[in-house]
Amino acid sequence: MTIRLQDTLSGEARPLEPLEPGHVRVYTCGPTVYGPAHIGNFRSFLFADLLIRYLRYRGLRVTWVMNLTDIDDKIIRGAAAEGVSIAELAGRYTARFLADADALGMTRPDVLPRATEHIPQITDLVATLLDRGHAYRTEDGSVFFRIASWPAYGRLARLDPEAMRVGERVEADEYAKDDVRDFALWKAPKPGEPSWDTPIGPGRPGWHIECSAMSMTHLGPSFDIHTGGVDLVFPHHEDEIAQSEAATGLPFVHAWLHCAHLRMGGEKMAKSTGNIARVADLVAAGVSPRALRYALIAVHYRAPLNYTEDSLPAAAAAVERVDALLAALAGYREGRPDDPTLPAALDAIRAAFEAGLDDDLNVSEALAALFDGVRDLNRRIDARALSTADAARATAFIRELDAVLGIAAPEADALDPELQDLVDRRAAARAARDWAESDRLRDELLARGIAVEDTRDGQRWRALVTSGG
RNA sequence: GGCGACGUGGCGAAGUGGCCUAACGCGGGGGUCUGCAAAACCCUUAUUCAUCGGUUCGAAUCCGAUCGUCGCCUCCA
């Protein structure tokens with residue numbers, strides 16, 4: 001069994017063969033922290049999270065680096081508009097990003113490098129490109145990458161460099177470039193803008209070079225996987241490849257993985273058009289972060305995902321199905337021998353789950369396997385076919401698969417004492433066959449998000465998964 | 001205009017040459033269980049895969065045309 005991943009550059013599904021056996025190095029283009037990220041951004045970050053979780057599930061060591069772009073035009077503009085420093089603005093939205101990411105159950109990357117903390121690495125890279133003749137300085141002290149010096153330019157995006165000469169954008173550009181297609185590596189200082197004094201002169205880094213410098217600093221000149229949204233294919237990733245390989249002479253990345261857009265109302269979710277939804281707003285409106293996570297990861301990463309009002313209730317119901325199984329298994333008690341057919345059944349489900357994810361992270365197949373497992377286990381519970389030990393085994397099994405998906409309720413979240421009291425009183429009322437009181441308490445708990453269910457194993461409760469409203 | 005992705009049930013979505021009279025989730029209908037519920041389970045809900053034509057013993061899956069949707073070519077996950 002090998003993991004195969006669809007590489008944008010070669011256009012084919014490539015088997016994952018880590019440059020260092022057993023250790024996968026992954027770089028994800030993270031957010032520019034000039035404002036809160038929207039759920040479309042998080043779709044691509046959660047796709048990377050799913051990848052990381054699966055690689056680790058498969059026993060691979062993973063080093064995951066996600067950059068934080070904390071210096072760029074929008075941050076400068078935003079800070080100026082608010083009258084605060086760029087560090088303050090970037091710091092605020094970095095914290096906001098991490099809080100949203102945590103809410104969605106995103107794995108913390110091993111390294112979260114900030115551009116402003118990598119100025120020496122960036123200027124070293126620019127200096128190398130100048131030395132090698134791939135970059136040039138303009139009158140104001142800015143440095144540009146010379147696309148004409150890199151014949152492979154355009155391969156990733158499948159764009160014809162010659163056709164890009166059209167030049168309608170020439171006058172829109174603020175800098176005097178030799179060629180309109182050339183892109184900025186280093187921007188000369190301007191009044192009111194932050195600037196660093198460096199060996200290549202004063203100024204600030206261009207966007208693309210930041211990612212090349214940070215990825216190579218933390219992962220080496222060649223690494224295994226680079227992820228991002230499709231809208232980064234051109235020019236961002238195209239430029240990264242050109243400048244990185246021109247500087248090192250080595251292949252930059254083994255596999256480029258690009259996540260399709262999240263759509264809302266049939267169109268790409270984008271800050272510029274304003275059709276966005278944000279994590280914190282949805283959560284404040286009562287949406288379960290787990291339901292939101294499910295909605296954002298349940299579709300294959302390379303397929304566009306249309307987000308609608310109906311997405312969340314469906315996702316919440318699916319997540320709740322897993323919760324209900326875990327609750328049933330947790331309360332299950334049966335003094336009988338182990339179910340002899342259980343191990344083989346679980347093995348088959350695991351095999352299907354892995355086969356799906358091995359195939360370029362086909363999460364639909366993996367979820368189908370998970371839910372096949374849910375039904376199978378529910379059947380065995382209904383039939384009282386499991387031993388108490390089997391139920392514990394089944395729980396561990398579901399938890400193991402969920403370590404990849406991250407959608408199930410965390411175990412043993414203690415109930416608030418007041419609610420616990422209601423649960424206890426409800427159990428007592430029911431034991432006394434006081435139906436009126438037990439039903440009243442059940443309704444009250446339900447209104448407060450706690451479902452109480454009576455089973456052969458006794459009364460059990462479960463926190464409901466909400467979808468907002 | 002150039003390049004690319006895609007169109008499967010009420011909704012979302014797998015499947016890319018025979019195991020497909022089409023997985024899985026949501027939703028709908030009926031039933032079992034239950035003090036009543038809920039959860040769960042069972043049955044049911046596409047003889048059909050945008051349309052038309054072709055290749056093939058055989059196509060949702062390959063080829064062509066048509067219609068439609070979206071993205072990139074500029075900041076963008």
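A, B, ... follow the sequence lines: proteins, then strands. Residue 1 opens every chain.
Side-chain contact check for A/Arg426 and A/Gln459: at least one donor-acceptor pair (N or O, by modelled atom type) lies under 3.5 Å. Between A/Asp70 and A/Tyr93, the side chains place no donor N or O within less than 3.5 Å of an acceptor N or O (distance only, hydrogens not considered).
Residue A/Gln6 contributes atom CD, which lies 10 Å from atom P of B/A5 at whole-angstrom precision. Atom CG in A/Leu329 sits roughly 12 Å away from atom P in B/C41 (whole-Å rounding). Taking atom OH on A/Tyr301 and atom P on B/G71, their separation rounds to 20 Å, with Å as the unit. Here B/G4 presents its C1' atom at 18 Å from CH2 of A/Trp256, a figure rounded to the nearest Å. What separates CZ of A/Arg158 from C1' of B/C72 is a distance of 12 Å, to the nearest Å.
A pairwise comparison of heavy atoms in A/Asp358 and A/Ile3 identifies OD1-CG1, 3.4 Å as the closest pair. The nearest pair of heavy atoms linking A/Ala295 to A/Leu312 is CB-CD2, 4.3 Å. Across all their heavy atoms, A/Ala48 and A/Thr227 have their closest contact at CB-OG1, 3.8 Å. Heavy-atom minimum distance, A/Pro109 versus A/Met66: CG-CB, 3.7 Å. Of all heavy-atom pairs between A/Arg293 and A/Val404, the closest is NH2-O, 4.2 Å.
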Using a cutoff of under 3.5 Å, can you pull out all pairs of nitrogen or oxygen atoms linking the protein to nucleotides 12-19 of chain B, with atom names and distances?
residue: B/A13; atom: O2'; partner: A/Ser364; partner atom: OG; Å: 3.1
residue: B/A14; atom: O3'; partner: A/Asn362; partner atom: ND2; Å: 3.1
residue: B/G15; atom: OP1; partner: A/Asn362; partner atom: ND2; Å: 2.7

Every protein N/O lying under 3.5 Å from an N/O of nucleotides 67-69 of chain B:
none

Set out, line by line, the N/O atom pairs under 3.5 Å between protein and nucleotides 59-61 of chain B.
none

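Residue-level contact check: A/Ser438 touches the bases, meaning some heavy atom is under 4.0 Å from a base atom. Residue-level contact check: A/Ala37 touches neither bases nor backbone, having no heavy atom under 4.0 Å from any strand.
Checked against the 6.0 Å centroid criterion, the rings of A/Phe45 and A/Phe97 qualify as a close aromatic pair. Between A/Phe371 and A/Phe353, a ring centre-to-centre spacing not shorter than 6.0 Å is recorded.
On the C1' atoms, B/C63 is 13 Å away from B/G17, given to the nearest whole Å. When the P atom is compared between B/C3 and B/A59, the two are found 32 Å apart, to the nearest whole Å. The separation of B/G30 from B/C19, taken at their P atoms, amounts to 34 Å, rounded to a whole angstrom. A gap of 31 Å separates the P atoms of B/A14 and B/G54, to the nearest Å. When the C1' atom is used for both B/G18 and B/A13, the distance is 24 Å, rounded to whole Å. Separation of the P atoms belonging to B/C6 and B/U61 is 14 Å when rounded to the nearest angstrom. Rounded to the nearest Å, the gap between the P atom of B/U45 and that of B/A23 is 11 Å. Rounded to a whole angstrom, the distance from the P atom of B/G15 to that of B/U34 is 42 Å.
Considering only side-chain atoms of A/Asp382, the nucleotide from B/A40, B/A39, B/A77 that sits closest is B/A40. The nucleotide whose nearest atom lies closest to any side-chain atom of A/His38 is, among B/A39, B/A77, B/A23, B/A77. Of all nucleotides listed (B/C73, B/G71, B/A39), B/G71 comes nearest to the side chain of A/His261. Candidate nucleotides B/A39, B/C76, B/G25 were compared by shortest atom distance to the side chain of A/Trp207, and B/C76 ranks first.
Judged by distance alone with a 3.5 Å cut-off, a donor-acceptor contact links the side chain of A/Arg442 to the base of B/C36. Contact of A/Asp454 with B/C36 (side chain to base): a donor-acceptor pair of N or O atoms is detected under 3.5 Å. Residue side chain A/Arg43 does not reach the base of B/A77 through any donor-acceptor N/O pair under 3.5 Å, judged by distance alone.
For A/His118, the ring-ring contact (aromatic ring centres under 6.0 Å, His included) partners two or more places apart in sequence, or in a different chain, are A/His218. For A/Arg433, the side-chain contact (heavy atoms from CB on, under 4.5 Å) test picks out A/Trp435, with sequence neighbours left out. With sequence neighbours excluded, the residues satisfying ring-ring contact (aromatic ring centres under 6.0 Å, His included) with A/His236 are A/Trp207, A/His208. Contacts of A/Asp421 classified as salt bridge (Lys or Arg N to Asp or Glu O under 4.0 Å), with partners at least two apart in sequence or in another chain: A/Arg425.
Contact between the side-chain N/O atoms of A/Lys74 and the OP1/OP2 oxygens of B/C76 is not found at any separation under 4.0 Å. Under 4.0 angstrom from either OP1 or OP2 of B/G25 there lies at least one side-chain N or O belonging to A/Arg375. Distances shown here put a side-chain N or O of A/Lys268 below 4.0 Å from the OP1 or OP2 atom of B/C72. Distances shown here put every side-chain N or O of A/Arg380 at or beyond 4.0 Å from the OP1 or OP2 atom of B/C41.
Stacking is found between A/Trp435 and the pyrimidine-like six-membered ring of the B/G35 base under the 5.5 Å centre-distance and 30° plane-angle cut-offs.
Ring-plane geometry between A/Tyr153 and A/Phe234 is classed as perpendicular, the angle between the planes exceeding 60 degrees on a 0 to 90 degree scale with a lower cut at 30.
Taking the nucleotide of RNA chain B with the nearest heavy atom to each of A/Ala157 and A/Asn378, the more 5' of the two is matched to A/Ala157. RNA chain B is contacted by both A/Arg379 and A/Glu453; A/Glu453 maps to the nucleotide lying nearer its 5′ end (nearest heavy atom per residue).
Within the structure, salt bridge (Lys or Arg N to Asp or Glu O under 4.0 Å) pairs that include any residue of residues 255-266 of chain A do not occur (at least two apart or interchain). Screening residues 25-34 of chain A for salt bridge (Lys or Arg N to Asp or Glu O under 4.0 Å) gives A/Glu20-A/Arg25 as the qualifying pairs, with residues at least two apart or on separate chains.
Between A/Pro235 and the choices A/Asp239, A/Leu232, A/Val233, the side-chain contact (heavy atoms from CB on, under 4.5 Å) rule is met once, by A/Asp239.
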With a cut-off of 3.5 Å and sequence neighbours excluded, list every side-chain donor-acceptor pair involving residues 313-323 of chain A.
residue: A/Glu320; atom: OE1; partner: A/Val465; partner atom: N; Å: 3.0
residue: A/Glu320; atom: OE2; partner: A/Arg462; partner atom: NH1; Å: 3.3
residue: A/Asp323; atom: OD1; partner: A/Arg290; partner atom: NH1; Å: 3.1
residue: A/Asp323; atom: OD1; partner: A/Ala409; partner atom: N; Å: 3.0
residue: A/Asp323; atom: OD2; partner: A/Arg290; partner atom: NH1; Å: 3.2
residue: A/Asp323; atom: OD2; partner: A/Arg290; partner atom: NH2; Å: 2.9

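If you check residues 310-321 of chain A against RNA chain B, the residues with a heavy atom closer than 4.0 Å are A/Ala314, A/Ala317, A/Ala318, A/Arg321, listed by number.
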Next on the checklist: Dot-bracket, 5' to 3', for RNA chain B please: Watson-Crick or G-U pairs under 3.5 Å, [ ] where pairs cross earlier ones, | where the partner sits on another strand, dots elsewhere.
Outcome noted: ((((((((.[[[..)..(.....]]]((((((.......))))))....[[[[[..)....]]]]])))))))....
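Atoms CZ and CZ, on A/Arg333 and A/Arg456 in that order, are 14.5 Å from each other to the nearest 0.5 Å.
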